[in-house]
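Structure first, commentary second.
No hydrogens, no waters, no symmetry mates; every other heavy atom, side chains included, goes into these values. Letters A, B, ... are given to chains in the order of the sequence lines, protein chains preceding strands, and every chain is numbered from 1.
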Amino acid sequence: MQQKEKRVVVTGYGMITPIGKDSRQTFENAKNGVSGISLLSSFETEGLPCRIGGQVDDSGLNDFTAKGLQGIEKCSSRGLKLMISAVSEAAESAGLDSIQNRNRIGVSLGYHGENPSVEDLVLLHRYGGAGVWDVSGLTKTGVYSFFNFFRRKPDVATSILSILFNCKGSSFTIVSACAAGSQAIGEALGIIREGRADAMIAGGSESNLNFMGFVGFVLIRALSERYSSPEKASRPFDRKRNGFVMSEGAGALVLESLDHALERKAPIFAEVLGYGSSADAFRITDIHPKGDGAVFAMQRAIADAGLTASDIEYINAHGTSTLQNDQIETLAINRVLGERAKDVPVSSNKSMMGHTIAAAGAIEAGLTIMGMNNGIVLPTINHEFPDPKCDLDYVPNHARKLEHGIALSNSFGFGGQNACLCFGKFRQ
Amino acid sequence: MKAVPEGHSYPLTGRVAITGVGAVCSLGNSVREILLGLTSGKSGIKEISDFDADGFGCMAAQVKNPPSVKTDVNPQLARSMGKHLSLLLSPTEQALGSAGIGPGTFDPRDMGCFAGMGMVDYHVEDLLPAVVKSLDPSGNLDYDRFFPVGSREIYPLWPLAMLNNVAFCQASIHFGLRGENCVFSPHGDAGIQAVAEAVRVLEEGKAKVALAGGVSEQVSEFSIARARLKGLIPPPGEGPENRAVLGECGAMLVLEPFSAAQERGADILALVGGFGFSCQRDEKGVFASEHAVSSAIRQALVHAGLDPCRIDAIMLSSLNQNELKAVRGIFGTDMESPAMVVTSRALGEMFAAGPILDAAIGLSFEEKTDLAALPGDLLCLPVQRGKRGGGSGIRRVLVNGISYEGRCASMIIETGPGKNR
């Protein structure tokens, strides 16, 4: 086995979420158990069985006009705009501009591109009469902008980020649904360890709060439809949970080899100790009933970190608030930690922010690091009715002061792709 | 020919072997068939027959009858995945078969899978009824009708057609691949990223075997419209010179640590030599710049510890001028230069699958292969008549994967002793 000679550290982080325009505000609100879920205002939801979501306050988004980036505006998806905000914060905290060799900085982004809008459907499906739909007409008339396609391509955001932040190294886009943000960080870790880059911007972004993005999840009945108020709808591990709440946001880390970070005297917020991924290889629409894939991803991350299960002090759970995920993730954690399982705090940031899909792993990675550095375990809010099948310490409703130095962060994607990251408090 | 470029060195600590290959494209349903088609001057580029493409006035290299792999996948899910599924399943089955890997050969948890997956598009028929039901008498969309009534006609599983990891997950299910995995998207560089990550997990001991491959876009109204609006394919009536033609393809490699592959008696088809990656768009904002392509190639050479003169053949991603300038800047243009082959002239632009198929073809060149005898369309003048093309042996092949958004990648493979068995 190749020796992992290069230690990889986190020298910057940033995020924009339904509960904060940046990391600090998000963490403070999460610490206080503030919910970011509300009635949706970004599109018409009347008649839909779910009308709530976690929306990002637009005032936190970058002002392209003020920054002289008007050219970016027309080809920017909302997901890219969210990501630019998160990366700006991360790059600034890492002092990324000070790195001279830009060929050795890469970008790893979990992102799926933008959904078609209702207007896109009308334009794409120009009615040719007699039931004939003239899709080819869109290239003749000039009424359909290439930028509509451009925004849908998942790699465009990555390339624009590379350009904006002057990163000329390895750049790629990962599409693995809810595991994409974590996988993006995990792959970036591997690239730095391997020596293919000195630093990587890694993270994920998601903006599904538009009609076409939202209605798909409504129709497959994946979203919470029974809630007394929007703030109470996302309730991971609670007996009355009944689906997830769709949200938007972005998260980014700057990863760097330890040597490189020390040489340039960069701030070091944590160490990325390990990463594991796995496939359920069970069913596209269902999780493996024994949580095999989740177990394997966690075990891989722990082994990759050179640790054992007894070293784990906190788990930032995937915790989506669906019946299936929360029960099976609980089973998987029990299998990995064994007798210690009930003594290790496990919490879900999604109880406050909802599910930010491809961004979730990256946002939760940032919050895990902040929790370690502040000696605080963030809570799982709306945990009111214990579920006998969810029998762990979920840090119910209130944040907890707890010094901890090693944590896991889980992300499990639709289709059966699983990812787990292991972070440690930085020690020289 | 220029000397080894300066650069960071990150040598592979152990060698990784390619022990299996599989591919499906417009010229055939196996690497052998495809190579035979290419060397006999065939082209897969034809009139589009899958759908009414009269309005587009272009051709494509489609896979007309992809070989079916028997699965128990739900028909509705299979429909959502479209041709992506068969373009992934068949090459994977071929690759595992050629590597001699069947159920029980490896613990499924030790089998990794990495792929570059091309763009996917929603199915018009999934959404069309919602629009039809919401039109006002003048044919415009009545939003007051669309949201409360029309939208109920949307096919519930329509979003699955837009997730390009779904077919990948279905392949994991079908072949029982439960190890490390990742999906990259959507262009040529993504295929090489997949191979690089597979090599890394093998080097780190996180998997005992890893599949790495790519799947193109399905040729459809959307993919053609997207390519045309981007300027990649010409408008009707204009010649195709130096423009792309869309092609369909799925290609897969089986990778194993060299020593382990030897130990289990696998054929060593090739060794993976090195990789390079870069990201920088050209002034037009369409392709990777010459500097970016050059940087990726130089990194791959340094990674593999090779001088440019040790490269026998180059599989070009396209006939893009930036790529050509970069290649000629590093390898020169004299008779000693490596032969350059551009399969996209016969097979179309295969996006994430392109470099994987090129690697499979590159490692299939035999000792006696005379590249100069390849049809002129596939060779890049004026260097094809160089000594490398005249039967002196093709051992080391550079494969490029170029994105349309500035990213580019290169990898080097070295043919192994088992390739001609």
Side-chain angles (χ1 to χ4, degrees), chain A residues 1-2 4 44 46-47 103-104 107 112 116 118 121-122 125 127 133-140 146 149 153-156 159 162-163 167-177 183 187 190 194-196 215-216 219-220 277-279 281-284 293 296 300 304 413-417, chain B residues 8 10 13 55-56 77 108-109 117 119 122 124 127-128 131 139 141 146-148 151 154 156-159 163-166 169-170 172-173 176-187 190 193 197 200 203-206 221 225-226 228-230 277-281 295 403 405-407:
Chain A
M1 183 185 290
Q2 180 179 332
K4 299 181 194 77
E44 179 56 62
E46 192 170 346
N103 291 320
R104 301 274 302 161
V107 178
H112 301 101
V118 175
L121 301 186
V122 177
H125 305 144
Y127 192 55
W133 290 78
D134 180 20
V135 180
S136 67
L138 67 92
T139 66
K140 299 174 195 162
F146 169 70
F149 276 138
K153 284 180 81 227
D155 59 329
V156 170
S159 287
S162 298
I163 293 164
C167 303
K168 296 176 180 172
S170 191
S171 164
F172 51 86
T173 309
I174 289 172
V175 288
S176 48
Q183 284 208 330
E187 295 302 324
E194 200 182 9
R196 279 163 52 194
V215 77
L219 292 169
I220 60 173
S277 69
S278 71
F282 178 64
R283 285 185 198 139
I284 292 291
F296 190 48
R300 280 283 190 201
D304 190 43
F414 177 82
Q417 290 180 271
Chain B
H8 270 266
Y10 44 101
T13 55
F56 289 113
L77 280 175
R109 294 175 301 177
M117 303 291 284
M119 281 286 287
Y122 59 84
V124 172
L127 303 173
L128 193 56
V131 179
L141 191 77
F146 177 82
F147 290 113
S151 63
I154 292 172
L157 295 178
W158 83 269
L163 284 172
N164 42 8
N165 71 319
V166 174
C169 291
Q170 188 61 45
S172 296
I173 293 168
L177 310 170
R178 304 180 117 187
E180 298 273 341
N181 63 82
C182 197
V183 178
F184 301 90
S185 183
H187 290 163
Q193 285 286 2
E197 293 313 301
R200 185 174 59 74
E203 290 282 320
E204 290 186 348
K206 288 181 167 180
E221 298 94 328
R226 187 163 46 236
R228 175 155 296 150
L229 288 171
K230 177 82 172 172
F277 301 91
S278 187
C279 181
Q280 195 176 350
R281 286 202 282 191
S295 173
S403 150
E405 308 302 342
R407 292 179 316 285

| Which one, Gly406(B), Pro159(B), Ser151(B), Ser185(B), leads in non-hydrogen pairs under 4.5 Å with chain A? |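 Ranked by heavy-atom pairs under 4.5 Å with chain A, first place is Ser185(B).
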| field | Heavy-atom pair count under 4.5 Å with chain A, highest-scoring of Pro148(B), Ser295(B), Pro186(B) | value |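 Top option by heavy-atom pairs under 4.5 Å: Pro186(B).
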Check each atom of [X] against the heavy atoms of chain A and say whether the ones under 4.5 Å are side chain, backbone, both or neither.
{"X": "Leu163(B)", "result": "side chain"}
{"X": "Ala190(B)", "result": "neither"}
{"X": "Arg228(B)", "result": "side chain"}
{"X": "Glu180(B)", "result": "both"}
{"X": "Gln193(B)", "result": "side chain"}

| task | Would you check if Glu221(B) and Val124(B) make a side-chain contact, meaning some heavy-atom pair closer than 4.5 Å? | result |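 No; the side chains remain at least 4.5 Å from each other.
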| query | With a 4.5 Å heavy-atom cut-off, do Asn181(B) and Ser172(B) have their side chains touching? | reply |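 Asn181(B) vs Ser172(B): side chains apart.
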| request: For the pair Arg109(B) (side chain) and Gly293(A) (backbone), establish whether a donor and an acceptor sit closer than 3.5 Å, ignoring hydrogens and angles. | output: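 Such a contact is absent between Arg109(B) side chain and Gly293(A) backbone.
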| message | Quick test of your reading of the model: are Arg196(A) and Glu197(B) salt-bridged, counting only N-O distances below 4.0 Å? | response |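 So Arg196(A) pairs with Glu197(B) through a salt bridge.
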| task | Before accepting this row, confirm whether a basic side-chain N of the pair Arg200(B)/Glu203(B) lies closer than 4.0 Å to the acidic partner's carboxylate O. | result |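 Salt bridge between Arg200(B) and Glu203(B), a charged N being under 4.0 Å from a carboxylate O: no.
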| Looking just at side-chain N and O atoms, do Arg407(B) and Ser159(A) make a donor-acceptor pair shorter than 3.5 Å? |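 Present: a donor and an acceptor within the cut-off.
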